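To start, the structure itself, in structure tokens.
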Protein chains: 2
Amino acid sequence: MEPLTPTGRVVLGMLRMGKRTGYEIKQLVDVSTRFFWAASYGQIYPELKRLEAQGLVEGTPQPTGGRARTEYSLTPAGRRALDDWLASPAELGYEVRDEGLLKLFFSEDRDAGEVLDTVRAMRAKHERTLARLQEAHPTPEEPEPGPYLSLDYGLGLHQWVIDWCRRTERRLERVASAGEARAGGRRRA
Amino acid sequence: MEPLTPTGRVVLGMLRMGKRTGYEIKQLVDVSTRFFWAASYGQIYPELKRLEAQGLVEGTPQPTGGRARTEYSLTPAGRRALDDWLASPAELGYEVRDEGLLKLFFSEDRDAGEVLDTVRAMRAKHERTLARLQEAHPTPEEPEPGPYLSLDYGLGLHQWVIDWCRRTERRLERVASAGEARAGGRRRA
DNA sequence: CAGGTCATGTAAAGCGTTACATGATTTT
DNA sequence: AAAATCATGTAACGCTTTACATGACCTG
């Protein structure tokens, strides 16, 4: 039994949450796990076929009128595979690719104004994400295991980043104006 | 002029920071940007060739005794390409893949003990990362633009995650013991 | 002299996004 | 009647990791 692929895990999980078609899975991914685990149609549809070939899901054609449509559901083996992964003590994958941070890392010799722009752009980005998370989702008071727990994490994390950006902006603004004062009227090309 | 590839940006940046060989670049990546931007030999060496073909870097053979070795440096065009990227107002790429969060998202029907294990594993992971960041790096008081700024971010971020995990663990411990009390002697297979 | 580090590279495989193609149904 | 949404899929491309291969030099 080959191990679940990364996308296979999302698909199985979404199926257990009650989603039926590839299309529905994608819809839910886009408003929920997307922020820490994305998936595209180009992954989802082939993955459903693979999982079916492995006997972990079962698809039944359920057209809506003349529109092709396949409803999938977990097989017992699929449910087991999902539970095994969830309970597995294996190292949890964690990867980040943050272009803003990379720019900051390389910003040693740049003038403070440019660095400030980068930090502001980072903040704007996380503010948009936070707004998305808040909109349409009730903020959980005592988040239960499940989607609310990840939501609680997302709300707190992006808020932390936004606060860090604000603190950093204040510091850079001081540096920028001090730099300007020292530089007097001089301006770079 | 083709745009810089993702890895091309790191390579150019590391070169400006004074690194000379592919090997040196990889060493620095592994103790610094790795936490928000990784790169492997399989990317770095071919990328150096590509950048040379594009005229953005220049390689000179500088063997150490009989050991092959190529020192690279930025050409004026390379420096320009780097500066252009750094100053570019284009959307900042940001991607996360967090297997722990994905598990939590799907943990609706799992028993609290298992969820607790996942949160503890997440915390352990971020604690190891935090330790790495603290070790060998002086904690910056007033981080200047450059590596210290990203370090400051990393220290704060991972600390936030660790705190979130701790809060969440406390909550789940209450739920877990309440669940046990309700369940009485019963145990699942 | 063994083991570690310096140093460079390639091939294959895996994972993923983007763009395209198709067509029915529902809403405006 | 147009536009949006439902629904499925594929092909090309791009990026990245892993594993392998090679060999010199340095340290204990």
Side-chain angles (χ1 to χ4, degrees), chain A residues 2-11 14-15 19-31 33-34 36-54 57 59-72 91 93-99 102, chain B residues 2-11 14-15 19-31 33-53 57 59-72 91 93-99 102:
Chain A
E2 314 95 58
L4 288 179
T5 64
T7 302
R9 313 200 267 243
V10 203
V11 169
M14 289 302 185
L15 250 23
K19 295 305 151 195
R20 298 176 148 72
T21 68
Y23 188 80
E24 274 184 11
I25 290 171
K26 170 69 170 154
Q27 302 309 301
L28 182 51
V29 164
D30 279 351
V31 296
T33 65
R34 182 170 61 114
F36 51 87
W37 203 286
S40 64
Y41 288 125
Q43 280 298 119
I44 293 170
Y45 285 117
E47 185 63 35
L48 281 166
K49 303 254 160 137
R50 263 195 300 277
L51 291 170
E52 189 168 31
Q54 290 172 60
V57 307
T60 347
Q62 293 279 318
T64 312
R67 180 161 54 193
R69 191 162 164 282
T70 308
E71 284 188 2
Y72 288 90
E91 183 75 0
Y94 180 75
E95 273 171 72
V96 179
R97 228 136 231 267
D98 188 330
E99 195 182 344
L102 191 63
Chain B
E2 315 96 57
L4 287 179
T5 63
T7 303
R9 314 200 267 243
V10 203
V11 169
M14 289 300 185
L15 250 22
K19 295 305 150 195
R20 299 175 148 71
T21 68
Y23 188 81
E24 274 184 10
I25 289 171
K26 171 68 169 152
Q27 302 309 302
L28 182 50
V29 164
D30 279 352
V31 296
T33 64
R34 183 172 58 117
F35 303 103
F36 51 86
W37 203 285
S40 64
Y41 287 125
Q43 281 296 118
I44 292 170
Y45 285 117
E47 185 64 36
L48 280 165
K49 303 254 160 132
R50 264 196 299 276
L51 291 170
E52 189 167 33
V57 306
T60 346
Q62 293 281 318
T64 313
R67 180 161 54 195
R69 192 164 163 280
T70 308
E71 285 189 0
Y72 288 90
E91 183 74 0
Y94 180 75
E95 273 172 71
V96 179
R97 226 135 232 267
D98 187 330
E99 194 182 346
L102 191 63

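Keep in mind that this is a model prediction, so the values were computed, not measured. So that the names make sense, note that chain A is the first sequence line, chain B the second, and so on, each numbered from 1.
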Quiz item: OP1 or OP2 of D:dA7 less than 4.0 angstrom from a side-chain nitrogen or oxygen of A:T64, does that happen here?
Solution: yes

Self-check item: Inter-residue atom distance A:Q54.CD - A:T5.OG1, 0.5 Å rounding
Solution: 7.5 Å

Exercise. Check whether any side-chain N or O of A:T64 sits under 3.5 Å from a backbone N or O of A:R67 as a donor-acceptor pair, and report yes or no.
Key: no

Quiz item: Nearest-Å distance, CZ (A:R97) to C1' (C:dG16)?
Solution: 12 Å

Practice problem: Can you tell me the distance, in whole Å, between the CD atom of B:E52 and the C1' atom of C:dT8? | Solution: 14 Å

Self-check item: Separation of atom CG in A:L4 from atom C1' in C:dC15, rounded to whole Å
Solution: 15 Å

Quiz item: Hey, which of these two, A:A68 or B:E71, hits DNA chain C nearer its 5' end, going by closest nucleotide?
Solution: B:E71

Self-check item: Rounded distance (Å) that lies between atom P of D:dC6 and atom CG of A:L28
Solution: 14 Å

Practice problem: Within residues 36-48 of chain A, find the residues that approach DNA chain D with a heavy atom at under 4.0 Å, and present them sorted by residue number. | Solution: A:Y41, A:G42, A:Y45

Exercise. Whole angstrom is fine here: how far is it from CZ in B:R67 over to C1' in D:dT22?
Key: 13 Å

Quiz item: Can you check whether B:K49 has a side-chain N or O nearer than 4.0 Å to OP1 or OP2 of C:dT8?
Solution: no

Exercise. Tell me whether the OP1 or OP2 atom of D:dT8 has a side-chain N or O from A:T21 closer than 4.0 Å.
Key: yes

Exercise. Answer yes or no: is there a donor N or O on one side and an acceptor on the other, between the side chain of B:K26 and the main chain of B:A39, under 3.5 Å?
Key: yes

Quiz item: How close or far is atom P of C:dC15 from atom CD of A:E95, stated in whole angstroms?
Solution: 11 Å

Quiz item: Base, sugar-phosphate, or nothing for A:K26, non-hydrogen atoms under 4.0 angstrom?
Solution: nothing

Practice problem: Establish, with yes or no, whether the OP1 or OP2 oxygen of D:dT8 is under 4.0 angstrom from a side-chain nitrogen or oxygen of A:Y23. | Solution: no

Quiz item: Is any NZ, NE, NH1 or NH2 atom of the basic residue among B:E71 and B:R69 found under 4.0 Å from an Asp or Glu carboxylate oxygen of the other?
Solution: yes

Practice problem: May I ask you to check whether A:T7 and A:Q43 show a side-chain donor-acceptor distance below 3.5 Å? | Solution: yes

Practice problem: Compare side-chain N and O positions of A:R69 against OP1 and OP2 of D:dA7 and report whether any pair is under 4.0 Å apart. | Solution: yes

Practice problem: Could you state the atom-to-atom distance from CZ of B:R34 to P of D:dT17 in whole Å? | Solution: 12 Å

Exercise. To the nearest Å, give me how far apart CZ (A:R20) and P (D:dT8) are.
Key: 13 Å

Quiz item: Got a salt bridge between B:E52 and B:K49, using NZ or NE/NH1/NH2 to carboxylate O under 4.0 Å?
Solution: no

Quiz prompt | Shortest non-hydrogen contact between B:T21 and B:T70, atoms and distance | solution = CG2-O, 3.5 Å

Self-check item: Out of D:dG9, D:dT16, C:dG16, whichever nucleotide has its closest atom nearest the side chain of B:P6
Solution: D:dT16

Quiz item: Reckon A:T7 has a side-chain N or O less than 4.0 Å from the OP1 or OP2 of C:dG16?
Solution: yes

